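Structure first, commentary second.
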Amino acid sequence: MPHHLLEEHDDLATSIDILDQWIEYTMFRDQQPGLAIGIVHDGDLIWGKGYGTADKANARSVTLDTRFRIASVTKTFTATAILQLRDAGKLRLDDTAAQYLDWYPYRYQDAPYLTIRNLLTHTAGLPRDAHKPLWTGFEAPTWEEFIEVVEQRQPTQPPDNQFAYSNFGYSLLGAIITQVTGQSWADYVQQNILDPLDMSETRPMPSADDPQLATGYARANEQYQREPLPFFLMNGFEASANFASTINDLVKYANFHLSTENNAVLSPHSLRDMHRIHWLYSTWKGGYGFGAGIFKVGDWTISGHSGGYPGYLTQFTVCREHKTAVIVLTNAIDSNPPQYMEQAYKLVLPEIISATAKPTPEPGPI
């Protein structure tokens, strides 16, 4: 049944129809296997749809309950956990990582030790990934292997020198969460983020035999056929990119990120802190907060995170000013979630703003 805003506002409904037809055309043009999209406003999913195939072998269609690997969108959960521990007074963002991880005492030459804040904002000067090619080898190091070779992943530049995206850095944040709480990273985020938000269909530790999991596909070959890519877990890198989730569950997560009131997970101050720029990109065209990139689509400030994983590309974004979110999940390595996200904001957000605008009060008597 259509959301009441679509029933009451023809221009908004028309913008959704145009977006829907454009997505269908674009997926046909690019021969994409599957996609799910959701548009959220003020607590509700006002429109969502699944397109194409979740699993070609079994002719399974994509729905809003299809689970996708969301890759680096995981970082938003890890950052939320760190800020939750700050709210509880269990750590400070300017504490050094070495205070919690005695097995990582490294720093760049005579530079200051890297801090939790540096890890959150990708300004710690750390290498990007593991000591072996996990993205092409489809095998991530275990935690034991992670620790054994950690000396090989020392900082390559001083902290606060420049933005340098690091999955390794977010893995260290996962280790700090474990050290502070005495729980595994997965157990902590399950009990303190997913359960309070009733995100029962989200998996910090996905399973290969999950019947709801979309199959991830490679690029099409010369015969226009796509091969499925291997399933693997991120193991020692789980805090940076391990999650799987659905549109319907991420709607709940979007509503949390759009909140300005007290909630069961994070203080309003810390939530606002996540979505403001703490490191300005050198281009001055956006920046990075705590586990969230911040950028512009038209005149609107958008924040959130993309995800890239063998067979899956995803986008989780919110526009806090207008209480709106756009979520895009795909199951092909050559899909383009940002184009769907941007088009959704450009087509639909102006009509949401118009449909929800408060009427101008009539002037009173002079």
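These numbers come from the heavy atoms of this one structure, side chains and all, not from hydrogens, waters or symmetry mates. Since the structure is predicted, the reported quantities are computational estimates derived from the model, not experimental observations.
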Decide, yes or no, whether a salt bridge links R276 with D273 under the criterion of side-chain N to carboxylate O below 4.0 Å.
yes

Taking ring-ring contact (aromatic ring centres under 6.0 Å, His included) as the definition, give me every residue that meets it alongside H122, ordered by chain and number, with sequence neighbours left out.
F163, Y165, Y170, Y288

Looking only at side chains, do [X] and [Y] share a donor and an acceptor under 3.5 Å apart?
X: Y340; Y: T330; result: no
X: K56; Y: T53; result: no
X: N161; Y: Q157; result: yes
X: D65; Y: T246; result: no

Return the [atom1] to [atom2] distance between [X] and [Y], rounded to the nearest 0.5 Å.
X: H322; Y: L258; atom1: NE2; atom2: CG; result: 12.0 Å
X: S282; Y: Q162; atom1: OG; atom2: CD; result: 8.0 Å
X: Q343; Y: T26; atom1: CD; atom2: OG1; result: 7.5 Å
X: H41; Y: I353; atom1: NE2; atom2: CD1; result: 9.0 Å
X: K90; Y: Q84; atom1: NZ; atom2: CD; result: 9.0 Å
X: T202; Y: L197; atom1: OG1; atom2: CG; result: 9.5 Å

Taking [Y]'s backbone N and O only, do any of them form a donor-acceptor pair with [X]'s side chain (distance below 3.5 Å, no angle check)?
X: N331; Y: T215; value: yes
X: D11; Y: E351; value: no
X: S171; Y: N167; value: yes
X: T66; Y: T63; value: yes
X: D87; Y: L266; value: no
X: Q152; Y: V149; value: no
X: S303; Y: G293; value: no
X: Y312; Y: R69; value: no
X: D55; Y: R60; value: no
X: T74; Y: A71; value: yes

According to a hydrophobic-cluster definition based on side-chain heavy atoms being under 4.5 Å apart (Ile, Leu, Val, Met, Phe, Trp, Tyr only), do [X] and [Y] belong together?
X: V326; Y: L5; result: yes
X: L19; Y: L64; result: no
X: F68; Y: V328; result: no

Measure the shortest side-chain to side-chain distance between [X] and [Y] over non-hydrogen atoms and say whether it is less than 4.5 angstrom.
X: F77; Y: Y253; answer: yes
X: L173; Y: L120; answer: yes
X: T314; Y: S306; answer: no
X: I46; Y: V40; answer: no
X: Y113; Y: T115; answer: no
X: L313; Y: L329; answer: no
X: V348; Y: I18; answer: no
X: H9; Y: T356; answer: no

Qualifying salt bridge (charged side-chain N to carboxylate O under 4.0 Å, His left out) pairs, either residue in [range], two or more places apart:
range: residues 312-329; answer: none
range: residues 17-31; answer: D20-K49, E24-K49
range: residues 108-119; answer: D94-R117
range: residues 240-269; answer: D198-K252, D249-K252

Between H275 and F290 (judged by ring centroids, cut-off 6.0 Å), do the two rings come close enough to count as a pair?
no

Counterpart residues, side-chain contact (heavy atoms from CB on, under 4.5 Å), relative to [X] (two or more places apart):
X: D209; value: S207
X: S184; value: A186, D187
X: P350; value: W300
X: L91; value: I82, L85, R86, L93, D95, Y100, I116, I176, V180

Indicate the atoms forming the closest heavy-atom contact of [X] with [Y], along with that distance.
X: L101; Y: L172; value: CD1-O, 3.8 Å
X: L114; Y: A124; value: CB-CB, 4.0 Å
X: L250; Y: M199; value: CD2-CE, 4.3 Å
X: A81; Y: V189; value: CB-CG1, 4.3 Å

Report, as yes or no, whether the 6.0 Å neighbourhood of atom CD on Q191 holds more than 12 heavy atoms from other residues, nucleotides or ligands.
yes

Could you go through the side chain to side chain donor-acceptor pair (under 3.5 Å) check for Y345 and T317 one step at a time?
CA-CA 10 Å; Y345 279 116; T317 62; 2.9 Å; yes

Please work out which of the three classes, parallel, tilted or perpendicular, describes the rings of W143 and F146, given edges at 30° and 60°.
parallel

What's in the same ILVMFWY side-chain cluster as I277, cut-off under 4.5 Å, chained through other members?
L280, W284, I294

Could you list the donor-acceptor pairs under 3.5 angstrom formed between side-chain atoms of residues 226-241 and any protein atom two or more places apart in sequence or on another chain?
from: R226; atom 1: NE; to: Q31; atom 2: O; distance (Å): 3.2
from: R226; atom 1: NH1; to: A218; atom 2: O; distance (Å): 2.8
from: R226; atom 1: NH1; to: D334; atom 2: OD1; distance (Å): 2.9
from: R226; atom 1: NH2; to: Q31; atom 2: O; distance (Å): 3.0
from: R226; atom 1: NH2; to: D334; atom 2: OD1; distance (Å): 3.3
from: R226; atom 1: NH2; to: D334; atom 2: OD2; distance (Å): 3.3
from: N235; atom 1: ND2; to: A140; atom 2: O; distance (Å): 3.0
from: S240; atom 1: OG; to: F237; atom 2: O; distance (Å): 2.7

Pairs in or reaching into residues 180-224: which pass ring-ring contact (aromatic ring centres under 6.0 Å, His included), with residues at least two apart or in two chains?
W185-F243

Any chance you could lay out the side chain to side chain donor-acceptor pair (under 3.5 Å) test for K75 and S72, step after step, and finish with the verdict?
CA-CA 5 Å; K75 291 181 176 68; S72 285; 2.8 Å; yes

Would you mind telling me which of Y104, Y108, W103 makes a ring-ring contact (aromatic ring centres under 6.0 Å, His included) with Y106?
Y104

